[in-house]
Amino acid sequence: EMVDICAPAVDIYTTSEVGWFSSSKYTSAAGTSMAAPIITGIVDLVWSANNDLTAAQVKDILTSTMVNNVVSYTGYEKDLPAMENPSRTYGMADANAAVQMALNTEAQEEKDPLDEYNDAVDKTVGDGEWNERTTMRIDMGMNGDADTASSMVECEYDLHVTDYSEDDPAAAKASGSARGNVFGAPMDYDIEYADGTTVYTMTDPFPLSYEIEGEMSVFDFTIISDRNIRDASMNGRTMTFDLTQGAMPDGSFGFIAELAQMQNIEMNQATAEVTVSDDGKLDRISVNILGSLVYGRESLDTTFTLIYEFDD
């Protein structure tokens, strides 16, 4: 299921170290060691035909011109009948078709992952209204002891956001619900946000209502910005960001402190993966953070997982 493209790899006549495969300097060999250099050679041909193409364009050209005629088997027996245990059909690289397509393809500028992320954010929140589901999990272990690790917080939030404006995010409103386990206790909440204040109304296991000052970064997505990106890459519609170390600032990671009702959170390593839908809007943001927090008198090594999923 992980094969993107195939190349000839059976009975390939190639050079050989004497005494390794044969007594000659040449031999026939098989396997990915034969297929990989053929694909590399086709990539060279494509780039020679149009050296302004991006890496993503080259990959797209190779996969869109391949011929789906390779039948895979569970073993290496090349003489098996054609219909015996076929597991999947794959695409064979077509060098001529790939070169012809490269000659007729207009090169694209390399896309900047942060620019693409910001464009997707603008399209998602531009009309001031969207639905999001936030899943949060926090695993903790005392003083670096992995044996004490346990899931302390696991919650899911469904929110409908309205009246959002980039110029005045505090004017946004949100309503929804939350459910999950906090320190082993199941809890259900109703959530209302307005005028900079979030009201949590517990519906289970007992009625309780309280309010706290809302964190604006829940709405402006500053978790990823040029202030905290150490490295970034892009593959198709997926962007990956390596985020900087240090204490979580009030903006960029403050939403975790609010959702988890915890403070003194330190970030040691963080990555964010963003997927954009076909219409250019945010589809999913997945954030993984290795860090620590102080809870009571204990210093807890902590893993935070936060997933945003968006609906029109």
Side-chain angles (χ1 to χ4, degrees), residues 1-5 36 39-40 43 46-47 52-64 107-126 130-139 154 156-157 215 217-249 251-257 259-260 265-292 301-312:
E1 293 182 358
M2 301 300 292
V3 177
D4 291 320
I5 195 168
I39 295 295
T40 303
V43 169
V46 168
W47 251 320
D52 291 326
L53 296 172
T54 67
Q57 283 183 292
V58 172
K59 179 180 179 180
D60 183 63
I61 286 173
L62 261 66
T63 55
S64 62
Q108 297 174 347
E109 292 185 11
E110 288 282 1
K111 295 181 178 180
D112 179 84
L114 181 57
D115 289 343
E116 294 298 306
Y117 169 73
N118 288 331
D119 286 345
V121 170
D122 290 342
K123 291 178 180 177
T124 302
V125 306
W130 70 90
N131 295 307
E132 67 181 57
R133 168 169 289 182
T134 304
T135 303
M136 182 179 64
R137 180 185 175 97
I138 300 178
D139 296 302
E154 191 169 3
E156 189 173 82
Y157 301 78
E215 172 54 57
S217 61
V218 172
F219 302 128
D220 64 16
F221 304 100
T222 56
I223 183 173
I224 301 171
S225 73
D226 55 6
R227 300 187 305 276
N228 59 26
I229 294 176
R230 181 164 50 188
D231 192 19
S233 61
M234 187 167 178
N235 183 12
R237 295 187 178 277
T238 300
M239 292 143 271
T240 303
F241 300 93
D242 181 10
L243 306 176
T244 53
Q245 297 177 224
M248 292 184 182
S252 297
F253 290 93
F255 68 93
I256 290 183
L259 294 181
I265 298 175
E266 292 284 333
M267 179 181 70
N268 299 325
Q269 179 183 346
T271 57
E273 185 176 279
V274 180
T275 304
V276 177
S277 60
D278 291 340
D279 60 4
K281 294 183 178 182
L282 291 172
D283 180 53
R284 189 173 191 267
I285 301 175
S286 176
V287 184
N288 289 286
I289 301 170
L290 299 179
S292 62
D301 286 348
T302 308
T303 301
F304 302 90
T305 302
L306 188 74
I307 299 173
Y308 282 109
E309 295 173 292
F310 297 86
D311 260 336
D312 291 334

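Below, all heavy atoms of this structure are taken into account, side chains as well, without hydrogens, waters or symmetry copies. No experiment lies behind these values; they were computed from the predicted model shown.
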Going from CG on N288 to CZ on R137, what distance comes out if it is rounded to the nearest 0.5 angstrom?
11.5 Å
Between D311 and R133, is the closest basic N to carboxylate O distance under 4.0 Å?
no
Correct closest heavy-atom pair for D279 and K123 would be O-CD, 4.1 Å
Can you measure from CD1 (I5) to NZ (K59) and round to the nearest 0.5 angstrom?
10.0 Å
Between CG of D226 and CG of D115, what distance do you get to the nearest 0.5 Å?
10.0 Å
Please lay out, stage by stage, how V276 and D283 fare under the test side-chain contact (heavy atoms from CB on, under 4.5 Å).
CA-CA 5 Å; V276 177; D283 180 53; 6.0 Å; no
How about CG on D122, more than 12 heavy atoms from neighbouring residues, nucleotides or ligands closer than 6.0 Å, or not?
yes
Give the minimum heavy-atom separation between L282 and F310, together with the two atoms involved.
O-CB, 3.4 Å
Minimum heavy-atom separation for T63 to D60, with atom names?
OG1-O, 3.2 Å
What's the separation between atom CG in L114 and atom CZ in F241, rounded to the nearest 0.5 Å?
5.5 Å
Minimal heavy-atom distance between L243 and R230, with the atoms involved, is O-NH2, 3.7 Å
If you look at every heavy atom in W47 and L53, which pair is closest and at what distance?
NE1-O, 2.9 Å
Test side chain to side chain contact (heavy atoms under 4.5 Å, CB included) applied to D52 - qualifying residues, sequence neighbours left out
N50, A107
Between atom CE of M239 and atom OG1 of T275, what is the distance when rounded to the nearest 0.5 Å?
7.5 Å
Minimum heavy-atom distance M136-L306, with the two atoms named:
CB-CD1, 3.8 Å
Could you measure the distance from the OG1 atom of T271 to the CG atom of D242? Nearest 0.5 Å is fine.
7.5 Å
One pair to check against side-chain contact (heavy atoms from CB on, under 4.5 Å): V287 and F304. What are the steps and the verdict?
CA-CA 8 Å; V287 184; F304 302 90; over 6 Å; no
Residue set satisfying salt bridge (charged side-chain N to carboxylate O under 4.0 Å, His left out) with E273, at least two apart, ordered chain then number -> none
